[in-house]
Asks: 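Please find one structure pasted underneath; my questions will follow.
Order of the sequence lines sets the chain letters (A, B, ...), proteins ahead of strands, with each chain counted from 1. For clarity, every value in this text was computed on a predicted model and none was experimentally measured.
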2 protein chains.
Amino acid sequence: MEKRLLDRGVRYTPARRVVVEVLADSPGPLSAAELCEIIGAGMPLSSLYRSLSVLEAAGVVAPHLGARGLSRYELAEWLIGHHHHLICLECGSVDDVAVPSHYERQVEAIIAGIGEMASFAPSGHAIEIEGRCARCR
Amino acid sequence: MEKRLLDRGVRYTPARRVVVEVLADSPGPLSAAELCEIIGAGMPLSSLYRSLSVLEAAGVVAPHLGARGLSRYELAEWLIGHHHHLICLECGSVDDVAVPSHYERQVEAIIAGIGEMASFAPSGHAIEIEGRCARCR
DNA sequence: TTCCTTGCAAACGATTTGCATTGGA
DNA sequence: TCCAATGCAAATCGTTTGCAAGGAA
């Protein structure tokens, strides 16, 4: 992954490394504010955003645009695998969920069918499942 | 639908009516700025947002939180039916697409399966399909 | 030295709110 | 009359950017 940054002439600095590590440990995408909280002091929001945008440009993190005009960030799918999101309407948390491959194959087929119907060329998809998470039941 | 507002002690005013009408005519969700543009002058953004929040509280419109940190609004599903979104990565447009019921039944089953796996109680879902729309091909 | 990186503060764009005014029942 | 609705301007929130200082190659 470091190579990916070096190829773009940017460094894999401690600040960027910590962002990647925190995201790697998270069960789901995190907002900038959440990241900042977890990383702790000594990380100004502006630097955080700069790290995120460098990492995004390098294809290492991907933004997930969500509730109340705030983005959540997670590692790109080539790092953590294809997955979908469980959004808790109670506490607002967003967790990743991997979908068994026989389900995912059905999803692919459905997406392809819809694309054909609508003369739309699909290149990616996301399923957002809303409800109540285990903690809020 | 007017009843829905009256029940909450709010009126179905011309300003609110025009918002509903413009949304009803749109092939997909619209941002506040787009709504304002379509409605034309004489509709300050602040009033628009106020109309939207009243309509949202009444369950008549639903926000769709999307690209580049801006919300798009559409009529609630009980008014326009269950559907998913085609998001064009080229021009940024978002169009609704209704899914044939045999597909939708498969989707329901998949969602239920995932919910069980993750001890998550699903109450709704959305499939966002990214790609290129017919216009941008 | 030469870039890249960082921190701070200021700027920005979308959305919200305070307040005084208008308007419908 | 009374309360809801509106317009304007100012405030707020998440995010971005300009600029000068710090750091690695």
Asks: Using a 4.0 Å heavy-atom cut-off across all strands, classify B/A33 as base, sugar-phosphate, or nothing.
Replies: nothing
Asks: Which nucleotide, C/dC3, D/dT6, C/dT6, lies nearest any side-chain atom of B/T13?
Replies: D/dT6
Asks: Measure from the side-chain heavy atoms of B/S47 and tell me the nearest of C/dG24, C/dC4, D/dT6.
Replies: D/dT6
Asks: Separation of A/L6 atom CG from C/dC3 atom P, in whole Å?
Replies: 18 Å
Asks: Atom CD of A/E37 to atom P of D/dG14: distance rounded to whole Å?
Replies: 13 Å
Asks: Please check if any side-chain donor atom of B/E108 sits under 3.5 Å from a side-chain acceptor atom of B/H125, or the reverse.
Replies: no
Asks: Among D/dG7, D/dA5, C/dC4, which nucleotide sits nearest the side chain of A/V10?
Replies: C/dC4
Asks: What is the distance, rounded to the nearest whole Å, between atom CD1 of A/I39 and atom P of C/dG7?
Replies: 11 Å
Asks: Can you tell me how far P of D/dT16 sits from CG of A/L48, to the nearest Å?
Replies: 11 Å
Asks: For A/E34 and D/dG14, give me the distance from atom CD to atom P, rounded to whole Å.
Replies: 11 Å
Asks: Scan B/R8 against the nucleic acid and name what it touches under 4.0 Å (heavy atoms): base, sugar-phosphate only, or nothing.
Replies: nothing
Asks: Return yes if a side-chain donor-acceptor contact under 3.5 Å exists between A/H82 and A/E104, otherwise no.
Replies: yes
Asks: Nearest to the side chain of B/R11, which nucleotide is it out of D/dA5, D/dG23, C/dT17?
Replies: D/dA5
Asks: Looking only at the side chain of A/R50 (C-beta and beyond, no hydrogens), which of the listed nucleotides D/dC8, D/dG18, C/dT5 gets closest?
Replies: D/dG18
Asks: Do B/H84 and B/D96 have side-chain atoms, one donor and one acceptor, less than 3.5 Å apart?
Replies: no
Asks: Would you kindly give the CZ-to-C1' distance between B/R16 and D/dT6, to the nearest whole Å?
Replies: 10 Å
Asks: A/P29 and side chain to side chain contact (heavy atoms under 4.5 Å, CB included): which partner among A/V61, A/V94, A/L75?
Replies: A/V94
Asks: Starting from C1' on C/dA14, measure out to CG on B/L30 and report it in whole angstrom.
Replies: 16 Å
Asks: Listing request: all salt bridge (Lys or Arg N to Asp or Glu O under 4.0 Å) pairs with a residue in residues 115-135 of chain A, at least two apart in sequence or in separate chains.
Replies: A/E90-A/R132, A/D95-A/R135
Asks: Specify the separation, in whole Å, of atom CE of A/M43 and atom C1' of C/dT5.
Replies: 12 Å
